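Here's the structure, in structure tokens; my notes come after.
Naming: A, B, ... by sequence-line order, numbering from 1 per chain. Just so it is clear, the values below take in all heavy atoms, side chains as well, and ignore hydrogens, waters and symmetry mates. All of these numbers come straight from a predicted model, not from anything done at the bench.
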Protein chains: 2
Amino acid sequence: MTSPFVRKLRQGAQLSTEDEILLMGLSRSLHYAEARHDIYSEGDRPGSLTLILKGWACRDKILENGQRQIIAFFLPGDLCEPFGILPPFMNHSITALTPVTYARLRPDELRAMAQENSSIEQALWWDALAAMELQHEHVVSLGRRQAVERLGHLFCELHMRLAVVGLADRTGFSLPVTQQELGDALGLSAVHVNRSLRELRSLGFVNLRHRRLDLLDLNALKEFSLFDPAYLRFNGQPLHDGAWSAPSAVER
Amino acid sequence: MTSPFVRKLRQGAQLSTEDEILLMGLSRSLHYAEARHDIYSEGDRPGSLTLILKGWACRDKILENGQRQIIAFFLPGDLCEPFGILPPFMNHSITALTPVTYARLRPDELRAMAQENSSIEQALWWDALAAMELQHEHVVSLGRRQAVERLGHLFCELHMRLAVVGLADRTGFSLPVTQQELGDALGLSAVHVNRSLRELRSLGFVNLRHRRLDLLDLNALKEFSLFDPAYLRFNGQPLHDGAWSAPSAVER
DNA sequence: CGGACTCTTGATTGCAGTCAACTAAAGTGG
DNA sequence: CCACTTTAGTTGACTGCAATCAAGAGTCCG
């Protein structure tokens, strides 16, 4: 059983079996976080990168007035920081939304691996690009989309991200977060999330109950939410070669 | 006269004179864009990274319904994409807000330079980190701050970013964008930007006229906007060494 | 079985959008 | 250099989306 990390990275580069073994070998140091507990808190000085293996987490920030904003959701296979970046201190938290199993990766090890192996380098840079564009689309949602569209768009995004790591199929997926947490991600109140959910249900698009999202008409939902999956960079042609392969790195 | 790029990167690493000469040598290929024209449009396949040398630009996306969201402002010294990332195609635009002078950088050249020079590597990763956290804070603003706070927060951020490259002092700075564009960045209508501006003026914090922002009481504005500059990662201790220096790279 | 979340719905409030008219500034061309 | 046009800024009136407040129902869990 390949790890979700490897499954996702396959979207960004052609990986050989040896590449995949190398990548899986990174997850030596396994850790566990309980639901609603911080993996990293504001002010912490992280010593390693966090790779989510199982469960859901998020990057979130609590404001002075007690309001919370979820900046990003992290799903199995997600690296909470791009591969070469280790912040000297955190100014927000990484919080487990469910029980989470994660690995701690050493950035120097990752970067050394990237330096020696251009496929892995390309995959890691691809992952960093995809993570940035996720943020961009989040800004677009919060800035210019209405509540119902935001919610629908998020569902489409989560579905594609989960499908890539084998955690969603055509019928739906497990959505283990509260409506309050959806609101914290979408800049909405829990009450309004509930009402928007009702609207999506009454339109016959989805049904959320018992922490599972049933997709009743995915295509209609995508159209309604103006969802264009290009920003996820899935299944795309690999990032073009000329500019990508480091001058000295030659793959055999 | 050192370039704004170098001035900014000094915030992220100790750069020797030779490092700075190397970095300035990157900006060989100079280009020019007129105000309101795209540097890259949606669908383009960029062949190089864009470094803003003079003028203001932005990353923006036009939605199907004609609404626009500005995802990020780019100021002199800003790299529009992190140093190792060259998207295979653009799914949004990079647009000049004023007349812009920019350089085209080859990612392989940048990465080769980073590989040989650990100070430069650290500076470039630092820049990528700072750019990501800018995005995070943008999400927080759009999700959880009120209009007036958003505007005030943006002014504080722009002031610090411009000050680092020598384009702002205590009295204010040139703000060469329309109120409509401020609204497109903050998820507000131009009318509401105007009203919020009036409120900030009536509170005695700032005064915006003829494309210049006068800072009348910067500290009060920062307090009012709950502005915590930590996310800009300026003047911080350099990113810590142990995890950062690549195993084989030794600086002399 | 009790207590704590979470979800749901209704009533009310308020922040920000839209529409519209007018002023000010900045270009443009004769 | 001055009419004319266009773009940007300003203000008022009204509307509407989403927040808040509140209460009840449903679930989960010890």
Side-chain angles (χ1 to χ4, degrees), chain A residues 34-37 56 63 65-70 96-99 141-154 174-202 206-214 224-225, chain B residues 34-37 56 63 65-70 97-99 141-154 174-203 206-214 224-225:
Chain A
E34 290 178 44
R36 274 134 228 258
H37 284 236
W56 286 40
L63 302 191
N65 56 21
Q67 291 192 104
R68 178 195 199 195
Q69 177 64 44
I70 292 182
L97 293 167
T98 68
S141 268
L142 292 173
R144 291 299 186 204
R145 283 195 252 264
Q146 310 222 91
V148 198
E149 295 167 339
R150 275 185 224 178
L151 199 56
H153 199 275
L154 177 63
S174 159
L175 181 62
V177 300
T178 65
Q179 295 182 6
Q180 175 67 56
E181 286 161 340
L182 289 174
D184 287 343
L186 298 174
L188 300 170
S189 68
V191 172
H192 204 67
V193 167
N194 187 280
R195 293 189 221 275
S196 306
L197 230 27
R198 178 151 51 88
E199 188 167 345
L200 288 180
R201 188 175 342 109
S202 79
V206 300
N207 197 6
L208 175 60
R209 55 195 217 299
H210 308 311
R211 302 287 148 95
R212 176 176 167 87
L213 188 82
D214 289 318
F224 173 83
S225 312
Chain B
E34 289 178 44
R36 275 135 228 257
H37 285 236
W56 286 39
L63 302 191
N65 56 22
Q67 291 192 102
R68 178 196 200 195
Q69 177 65 44
I70 292 183
L97 293 167
T98 68
S141 268
L142 291 173
R144 291 299 187 204
R145 283 194 252 263
Q146 311 223 95
V148 198
E149 296 167 340
R150 275 185 225 177
L151 200 55
H153 199 274
L154 177 64
S174 159
L175 180 62
V177 299
T178 65
Q179 295 182 7
Q180 176 66 56
E181 287 162 340
L182 288 174
D184 287 343
L186 298 174
L188 299 170
S189 68
V191 172
H192 204 67
V193 168
N194 187 282
R195 296 197 164 113
S196 306
L197 231 26
R198 178 151 52 89
E199 188 167 346
L200 289 180
R201 187 175 345 108
S202 78
L203 288 166
V206 301
N207 196 8
L208 175 60
R209 53 194 220 298
H210 306 311
R211 304 286 148 94
R212 176 176 167 87
L213 188 81
D214 290 317
F224 173 84
S225 313

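- Regarding contacts with the backbone of D:dT11, a side-chain N or O of B:Arg198 is found under 4.0 angstrom from either OP1 or OP2.
- In this structure, B:Arg211 reaches the D:dG9 phosphate: one of its side-chain N or O atoms is under 4.0 Å from OP1 or OP2.
- Heavy atoms of A:Gly187 sit under 4.0 angstrom from primed sugar atoms or phosphate atoms, though from no base atom.
- Set against D:dA18, D:dT20, D:dT11, the side chain of B:Arg195 has D:dT11 as its closest nucleotide.
- Sequence order on DNA chain D of the closest nucleotides to A:Val148 and A:His210 puts A:Val148 first from the 5' end.
- Between B:Arg36 and D:dA8, a side-chain N or O to OP1/OP2 separation shorter than 4.0 Å is present.
- A close approach under 4.0 Å does not occur between any side-chain nitrogen or oxygen of A:Arg209 and OP1 or OP2 of C:dT6.
- Between B:Asn194 and D:dG9 there is no side-chain N or O to OP1 or OP2 distance below 4.0 Å.
- At a threshold of 4.0 angstrom between heavy atoms, the contacts of A:Ser189 include nucleobase atoms, whether or not backbone atoms are also involved.
- Phosphate contact (OP1/OP2 of C:dG14, side-chain N/O of B:Gln146, threshold under 4.0 Å): absent.
- For the pair A:Gln179 and C:dC5, the criterion of a side-chain N or O lying under 4.0 Å from OP1 or OP2 is not met.
- Here B:Leu197 lies out of heavy-atom contact (under 4.0 Å) with every strand.
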